[in-house]
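Residue indices begin at 1 and follow the sequence shown. In each ligand, atom 1 is the first atom listed, and ligand 1 is the first ligand listed.
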Amino acid sequence: MNKLTLLSVPFGLGAGTPGSEQAPGHIYQLGLFQMLQQHGCTINKLKDVINAGMPSPVIQVPMNHSDEVIRTGMALARAVKEVVAAGQFPFVLGGDHSLAMGTLAGLTSHYKKLGVIWIDAHADMNTELTSPSGNMHGIPLAVAQGRAQLSLSHLLPGAGTIAPGNIVLIGARDLDPAEEAFIQAEGISCFRMADIRRLGIHAVITEALRMAGDAADGIHLSFDIDSVDPSEAPGTGTPVQGGLTAEEAREAIRLLGISKRMTSAEFVEVNPLLDHRDQTSLLAMELIALFLSSMKS
Ligand SMILES: NC(=[NH2+])NCCC[C@H](N)C(=O)O
Ligand SMILES: [Mn+2]
Ligand SMILES: [Mn+2]
């Protein structure tokens, strides 16, 4: 595996509920680095990404905290681009899911045909006009496809887009009408919970790697902890019943890791303020260590 750079993004204003900005610090405090060491994983570089000093956004969008979300995305996009240019593996720890716009802007400035595996209860494919909440963590995949007012190139000059055919959604179970319509119209690959129960997580991940990866020059994993059922991951801002078991999440993450095909990853939406006895942070920590250790073995 390439050397690893961990980018922590303590930012949560893209979500409707505060708290996910505390996730990176909290997960470190619970012992992520010790756990990684036990697994023989070395982090070559650790960087906190904050929006301090970013120039004013070149675009305004009518959404909650859009200015801060865009500035953070600009800072993250630059950081991710640097990491990739240095030949390292960028691992982004959020934070809410709006920061995926920054990650994807950085990645698409390098990978011209990026594949994306999006494990989430949601599709995060609303635009500024269809968003029911006004929260920017619900739009990153529409932005990445070039369907929103905001685009990845607003965050980073030279950023590209993601082709709908290179996106695979896994765990979806709470889609808004406009998202549902778009997924149908574009034929976006979407493994809903019923598909996972029918096919099993192993077959789903194998298919997902093929669908996202076969026409791609890199594959990004975007893992939203709300993909896991709230009975095992309650600490998140938009929980939805009927999700993955923690065991299915472990298996999915492990299979993606050992495939050796992933070129970047992000973990988002852990909210320590909504958690029960750190159950969600501890699960996230375990999944992160599992992912990073299975990539190297
Ligand atoms: N990353 C997330 N947790 N996103 C939740 C999005 C919820 C809803 N679809 C919205 O647009 O507001
Ligand atoms: Mn999400
Ligand atoms: Mn979600």
Side-chain angles (χ1 to χ4, degrees), residues 9 11-23 61-66 68-69 72-73 76 92-104 116-145 147-150 162 167-183 188 190-193 196 220-244 248-249 252-253 265-275 280 283-284 287:
V9 192
F11 179 83
L13 289 174
T17 324
S20 61
E21 69 282 356
Q22 296 189 16
V61 296
M63 293 192 75
N64 305 328
H65 306 287
S66 57
E68 290 94 331
V69 171
T72 300
L76 178 57
V92 178
L93 179 57
D96 74 74
H97 221 161
S98 68
L99 58 86
M101 295 185 267
T103 312
L104 292 172
V116 176
I117 296 181
W118 194 271
I119 305 184
D120 195 332
H122 308 95
D124 295 343
M125 276 196 208
N126 277 297
T127 66
E128 298 89 346
L129 297 177
T130 70
S131 167
S133 61
N135 297 328
M136 289 186 82
H137 69 167
I139 68 165
L141 267 182
V143 171
Q145 291 171 73
R147 289 194 297 111
Q149 285 166 249
L150 179 64
I162 315 275
I167 298 173
V168 181
L169 308 175
I170 297 176
R173 58 191 184 278
D174 183 15
L175 307 185
D176 297 315
E179 296 179 307
E180 200 68 78
F182 183 76
I183 287 168
I188 291 187
C190 179
F191 293 101
R192 295 165 200 254
M193 287 310 302
I196 298 170
H220 174 63
L221 166 65
S222 197
F223 185 88
D224 183 328
I225 197 73
D226 70 27
S227 56
V228 179
D229 192 79
S231 60
E232 296 190 90
T236 191
T238 49
V240 189
Q241 298 298 323
L244 298 174
E248 284 169 328
I253 291 294
E266 72 203 337
F267 274 60
V268 296
E269 295 286 343
V270 172
N271 187 327
L273 298 181
L274 301 175
D275 211 357
T280 314
L283 175 63
L287 293 173

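D120 has its closest N, O or S atom to the Mn ion (ligand 2) at the position named OD2. Taking the Mn ion (ligand 3) as reference, the nearest N/O/S atom within D224 carries the name OD2. If you look at D124 and ask which of its N, O or S atoms sits nearest the Mn ion (ligand 2), the answer is OD2.
The distance from the CD1 atom of I253 to the CZ atom of F267 is 4.0 Å, given to the nearest 0.5 Å. Distance check: D176 CG to S133 OG gives 7.5 Å after rounding to the nearest 0.5 Å. Remark: M63 CE to N135 CG distance equals 6.5 Å, nearest 0.5 Å. One distance of note links CG of D226 with CG of D174; it measures 8.5 Å at 0.5 Å rounding. With values rounded to the nearest 0.5 angstrom, T127 atom OG1 is found 7.0 Å from R147 atom CZ.
The nearest non-hydrogen atom to atom 12 (O) of ligand 1, considering only S133, G138, S20, comes from S133. Of the options T130, D176, N64, L175, the smallest heavy-atom separation from atom 9 (N) of ligand 1 is shown by D176.
The side chain of D226, and not its backbone, has at least one atom closer than 4.0 Å to an atom of ligand 1 (non-hydrogen atoms only; side chain from C-beta on). Residue-level proximity to ligand 1 for H122 is carried by the side chain, the only part with a heavy atom below 4.0 angstrom. At a 4.0 Å heavy-atom cut-off, ligand 1 touches D224 through the side chain alone.
Less than 4.0 angstrom separates some heavy atom of H97 from each of these atoms of ligand 1: 1 (N).
With contacts defined as side-chain heavy-atom distances shorter than 4.5 Å, the pair S222/D120 does not qualify. The closest side-chain heavy-atom distance from H97 to W118 is below 4.5 Å.
Not one N, O or S atom of E269 sits under 2.8 Å from the Mn ion (ligand 2). Taking backbone and side chain together, D226 holds an N, O or S atom under 2.8 Å from the Mn ion (ligand 3). H122 lies close to the Mn ion (ligand 3), since one of its N, O or S atoms is found at a distance under 2.8 Å. For the Mn ion (ligand 2), the N/O/S atoms of H97 include one lying under 2.8 Å.
Among all protein heavy atoms, the one lying closest to atom 3 (N) of ligand 1 is T238 OG1, 2.9 Å. Given atom 6 (C) of ligand 1, the protein heavy atom at minimum distance is D124 OD1, 3.7 Å. The shortest contact between atom 2 (C) of ligand 1 and any protein heavy atom is with H137 ND1, 3.3 Å.
Side-chain atoms of D96 and H137 form no donor-acceptor pair, as typed in the model, at a separation below 3.5 Å.
By the 3.5 Å distance cut-off applied to N or O atoms, N126 is counted among the residues near ligand 1.
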